[in-house]
A.B. asks: 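Provided herewith is a single structure, encoded as structure tokens, for subsequent inquiry.
Residue numbers begin at 1 in each chain, while the letters A, B, ... track the order of the sequences. Worth knowing before you read on, the calculation uses all heavy atoms, side chains too, and leaves out hydrogens, waters and symmetry mates.
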Number of protein chains: 2
Amino acid sequence: MTVTQSAPVTSGASTAGRRPATARGCHNPPPHPRPTGRDRYTISEVAEHTGLSAHTLRWYERIGLMPHVDRTHTGQRRFSNRDLDWLDLVAKLRLTAMPVADMVRYAELVRAGESTFAAREQLLTAHREDVRQRIAELRGTLDVLDYKIDIYGDARRASERC
Amino acid sequence: MTVTQSAPVTSGASTAGRRPATARGCHNPPPHPRPTGRDRYTISEVAEHTGLSAHTLRWYERIGLMPHVDRTHTGQRRFSNRDLDWLDLVAKLRLTAMPVADMVRYAELVRAGESTFAAREQLLTAHREDVRQRIAELRGTLDVLDYKIDIYGDARRASERC
DNA sequence: CTCTTGCCTGGAGTGCACTCGAAGTCTCTA
DNA sequence: TAGAGACTTCGAGTGCACTCCAGGCAAGAG
């Protein structure tokens, strides 16, 4: 299993969003205070760190969305910093509603080594186009929302006046 | 009890899956060449017009996402231009991955009359915030994609040179 | 040694947003 | 008047992305 890790995701901020139970508050806590000097994390540590459940992390591995995670001699998972980097990328892609199947495809390409650079580039480029278009759509909807909110606001203010 | 995930993810995928005909091309054709001078459309006309299936249109009505659609004396639906307007709005909101339940709530408010203006404004304002945040997230991901695509592009060009 | 905690697996269940099927009715054209 | 095709309802099925459960193993605390 070669080390052909995908390009590193060093841009280390703002993975925080969208977790179910926690972090419904307004302030953004530090996204991932990854303890320095460590390289082996239990599944629950990773769960806490990423906001994914342990179930989901196992499921990711099962469907091929995670590279092989290291194990202890008793079979427990020990995630590396590299694994966390990968999960950060997955989180980003998930935010863009990339289908899991596509992410799995990308993961396969990464596992397959350097010969797939072109294919990976192509996959990401196509997805980037999708994201751009999505942003445009969202902007369009924003206009509609602005318009309607204005109308309701006007009506409310008018009724407050009389 | 299902507010667990704020779910930007799922419906985006299904949205991408459907909508094959429209908006997949590069130019935006006039969104709905609604024939002028008419105000009664069969379900299949509306299906064609909106890109939704007839099944979905009936389902919308069943769950309260459509106002009462007019019927012929034999019980067949005849959609009005007003209905089409409503469906256009629903389509916009759907693009933003607003949960159907929220849209139904909005539809109920609309049905309830003018007394709900404030509530509607509030609902839309909250959703607008969501959309803005989503756009920001997408931008963040776009940066990551740019970064990675650059790396792959560099690698490819380098290997082409030697 | 027992208890608790954390982790393991495979498989079943959940929620959402459709999507389809069956069986029957109605409308339109020839 | 016959046949094609569009429409009706209700209920079941589908695909996705988790989410949970049962049953079991391993290690540390008391």
A.B. asks: Do the side chains of B:Asp154 and B:Arg157 get close enough for a salt bridge, i.e. N-O under 4.0 angstrom?
C.D. replies: yes
A.B. asks: Between atom CZ in A:Arg62 and atom P in C:dG11, what is the gap in whole Å?
C.D. replies: 9 Å
A.B. asks: Where each residue is assigned the nucleotide of DNA chain D containing its nearest heavy atom, which of B:Gly75 and A:Val100 is assigned the position nearer the 5′ end?
C.D. replies: B:Gly75
A.B. asks: With side chain to side chain contact (heavy atoms under 4.5 Å, CB included) as the test, pick out the partner of B:Leu145 among A:Thr96, A:Leu89, A:Leu93.
C.D. replies: A:Leu93
A.B. asks: What's the closest nucleotide to the side chain of A:Arg77 if the choices are D:dC18, C:dC18, C:dC8?
C.D. replies: C:dC8
A.B. asks: Could you check if a side-chain atom of A:Tyr106 sits within less than 4.5 angstrom of a side-chain atom of A:Leu124, using non-hydrogen atoms only?
C.D. replies: yes
A.B. asks: At under 4.0 Å between heavy atoms, what does A:Ser53 touch on the DNA or RNA strands: base, sugar-phosphate, or nothing?
C.D. replies: nothing
A.B. asks: Can you see if the side chain of A:Thr42 gets near the phosphate of C:dC7 - specifically, an N or O under 4.0 Å from OP1 or OP2?
C.D. replies: yes
A.B. asks: Check whether any side-chain N or O of B:Arg71 sits under 4.0 Å from OP1 or OP2 of D:dT9, and answer yes or no.
C.D. replies: yes
A.B. asks: Distance check needed: C:dT19 P versus B:Ile63 CD1, whole Å only.
C.D. replies: 13 Å
A.B. asks: Check the phosphate of D:dC18 against A:Tyr60, side-chain N and O only, distance under 4.0 Å to OP1 or OP2. Yes or no?
C.D. replies: yes
A.B. asks: Given atom CE of B:Met98 and atom C1' of C:dC16, what is their separation to the nearest angstrom?
C.D. replies: 16 Å
A.B. asks: If the condition is salt bridge (charged side-chain N to carboxylate O under 4.0 Å, His left out), which residues does B:Glu61 pass it with, not counting sequence neighbours?
C.D. replies: B:Arg71, B:Arg77
A.B. asks: Drop me the distance from B:Ile135's CD1 to B:Leu142's CG, to the nearest 0.5 angstrom.
C.D. replies: 12.0 Å
A.B. asks: Output the rounded distance in Å from CG (B:Leu52) to C1' (C:dA17).
C.D. replies: 12 Å
A.B. asks: Is it true that B:Asp102 and B:Arg105 have a side-chain N and a carboxylate O under 4.0 angstrom from each other?
C.D. replies: no
A.B. asks: Measure from the side chain of A:Pro99, starting at C-beta and using heavy atoms only, and say which of D:dA17, D:dT19, C:dG6 lies closest.
C.D. replies: D:dA17
A.B. asks: Which of these nucleotides, D:dT8, D:dA17, C:dC18, is closest to any side-chain atom of B:Ile43?
C.D. replies: D:dT8
A.B. asks: Output the rounded distance in Å from CG (B:Leu57) to C1' (C:dC20).
C.D. replies: 15 Å
A.B. asks: Let me know the distance between CG of B:Asp102 and C1' of C:dA17, rounded to the nearest Å.
C.D. replies: 14 Å
A.B. asks: What does nucleotides 21-30 of chain C look like as a protein-contact string, B for base, S for sugar-phosphate only, - for none, at under 4.0 angstrom between heavy atoms?
C.D. replies: B----SS---
A.B. asks: I'd like to know if A:Glu45 pairs up with A:Arg38 as an ion pair, taking the criterion as any Lys NZ or Arg NE/NH1/NH2 lying under 4.0 Å from an Asp or Glu carboxylate oxygen.
C.D. replies: yes
A.B. asks: Can you measure B:Glu45 atom CD to D:dG5 atom P for me and round it to whole angstrom units?
C.D. replies: 18 Å
A.B. asks: For A:Trp59 and D:dC21, give me the distance from atom CH2 to atom P, rounded to whole Å.
C.D. replies: 18 Å
